[in-house]
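Just so it is clear, the model here is predicted, and its values are computed rather than measured. Reminder, nothing fancy here: chain letters follow the sequence lines and each chain counts from 1.
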Amino acid sequence: MPELAEVDYFRRRWDAGVGAGVVAVHLHSAARVFRGCDVAALAPRLRGAVLEKSLAHGKQMLFGLSGGAWLGVHLGMTGELRVEAAGHRAARHDHLVLHQAGRALVFADSRMFGRVRFDLSPEGPPAWWRDLPPGILTPGFSEGWVAGHLGRRARAPLKAVLLDQSIFPGVGNWMADEILWRLGLHPLTPAGALDAEAQSAVRQHTRWVARRALATIGVDWRDPPAAWLYRHRWASGNRCPRPPCRTFLVREEAAGRTTCWCPACQPPLPGTTRSSAAKPVRTGHRREKPRAGQA
DNA sequence: ATCTCTGTTCACAA
DNA sequence: GTTGTGAACAGAGA
């Protein structure tokens, strides 16, 4: 589930427990989500600590507790944060439960691609957090930052570059498709094929999608408007939501991930895309109707 | 039974 | 060094 906006939604859920102490910790210490984590130190340190703050950065979350304890959470593919009633009994996939007087904060993850970290760092957030790349909505996510990385990955498909967390932290599969659709660029467009104007557009659309997703999904899991590709990319009989277009959307694998795009609004840049590079996944009917011009 | 999946990482090929 | 591919992780849901 989780990309930048979904992550922030889950982070806010646990804010119900900010300012309150942790009276007990329950965890499935052998669960894969604790790989690389000092589980033995975690429970004793969190017990009795007060949850002071929550932070989100792309797909990463960090919870600060009194005593310099920091709990990092990545939700992977199926992770979620919930708030349950006080005394909650951990279900099968509830790998970490922070019991507070008034509620229980739960981290659950069925597939366990997610991950929990624990650090003691009295001076502030741990080093790995400080080393994260500039957030999409921060000044560091500049034209130079974006253009530089697009240039460095010149031959890589744009879709693959958008999914690179060290460049576009928080962008996941659906956000990448949404951004490409708004750019009018084919997912397999080589990143190096963009001119300065298109590079700037990549940054603008990325920021716009992130901001709007945070204001909808990020607040109450509300769907973004029907005018977004987001609302149509999985539906059957799926057509491009751009008003005059209505072309049947394509779903194929690109850069190793199922990718949805509009063949009319996102034609391949001439001479760039190898037509055999994408293999069909389960496409609807499609109409060959190339349209000239791209942003 | 079979296939899919809003993620990451690793080994290996080109 | 870069890029693509496939597998692995592990479970639920269609």
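Which of C/dA12, B/dT4, C/dT3 sits closest to the side chain of A/Arg251 comes down to B/dT4. Among the nucleotides B/dT4, C/dC9, C/dA12, the one closest to any side-chain atom of A/Arg32 is C/dC9. Taking every side-chain heavy atom of A/Arg153 into account, C/dT3 is the closest of C/dT3, C/dA12, C/dA10. Checking C/dT3, B/dG7, C/dG11 against the side-chain heavy atoms of A/Arg155 singles out C/dT3 as nearest. Distances from the side chain of A/Trp234 to the nucleotides C/dG4, B/dG7, B/dC5 place B/dC5 closest. Picking from B/dC5, C/dG11, C/dA10 the nucleotide with the shortest atom distance to the side chain of A/Arg92 gives C/dG11. For A/His74, the listed nucleotide lying nearest its side chain is B/dT8; candidates were C/dT3, B/dT8, C/dA10. In the set B/dT8, C/dG4, B/dG7, B/dT8 carries the atom at the smallest distance from any side-chain atom of A/Gln165.
In terms of phosphate contacts, A/Arg111 brings no side-chain nitrogen or oxygen within less than 4.0 Å of OP1 or OP2 of C/dA12. At the phosphate of C/dA12, OP1 or OP2 sits under 4.0 Å from a side-chain N or O atom of A/His93. OP1 or OP2 of B/dC5 has at least one side-chain nitrogen or oxygen of A/Thr258 nearer than 4.0 Å.
As a whole-Å value, the separation of A/Leu75 CG from C/dG11 P is 18 Å. One atom, CZ of A/Arg152, and another, C1' of C/dG1, lie 13 Å apart when rounded to the nearest Å. Rounded to an integer number of Å, the gap from NE2 of A/His95 to P of C/dC9 is 16 Å. Rounded to an integer number of Å, the gap from A/Glu252 CD to B/dT4 P is 14 Å. Here B/dG7 presents its C1' atom at 18 Å from CZ of A/Phe168, a figure rounded to the nearest Å. Rounded to whole Å, the distance from CG on A/Asp94 to P on C/dA12 is 12 Å. For the pair A/Leu188 CG and C/dG4 C1', the computed distance is 12 Å after rounding to whole Å. One can place CZ of A/Arg257 at 6 Å from C1' of B/dG7, the figure rounded to the nearest angstrom.
Residue-level contact check: A/Arg115 touches neither bases nor backbone, having no heavy atom under 4.0 Å from any strand. When heavy atoms are screened at a 4.0 angstrom cut-off, A/Ala154 is found touching the sugar-phosphate backbone but no base atom.
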- Go through A/Asp8 and A/Arg11 one step at a time and tell me if the salt bridge (Lys or Arg N to Asp or Glu O under 4.0 Å) criterion holds. CA-CA 5 Å; A/Asp8 208 45; A/Arg11 178 190 64 80; 2.7 Å; yes
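As rounded to the nearest Å, C/dG6 and B/dC3 have P atoms that lie 16 Å from one another.
Checked options A/Arg89, A/Arg82, A/His28; the residue passing with A/Asp94 is A/Arg82 (criterion: side-chain hydrogen bond (donor to acceptor under 3.5 Å, both in side chains)). Here the rule is salt bridge (charged side-chain N to carboxylate O under 4.0 Å, His left out) with A/Asp177, and of A/Arg233, A/Arg182, A/Arg231, A/Arg251 only A/Arg233 fits it.
Taking all atoms of both residues into account, the shortest heavy-atom contact from A/Arg35 to A/Met112 is NH1-O, 3.6 Å.
The ring of A/Phe113 lies on top of the base of C/dC9, close enough and flat enough: under 5.5 Å between centres, under 30° between planes.
Comment: A/Asp109 does not engage A/Arg32 in a salt bridge, judged by the lack of any side-chain N to carboxylate O separation of less than 4.0 angstrom.
More than 12 heavy atoms of other residues, nucleotides or ligands lie within 6.0 Å of CZ in A/Arg117, so this atom counts as buried by the packing criterion.
Pairing for C/dG11 goes to B/dC5, judged as Watson-Crick or G-U wobble with the two contacts each under 3.5 Å.
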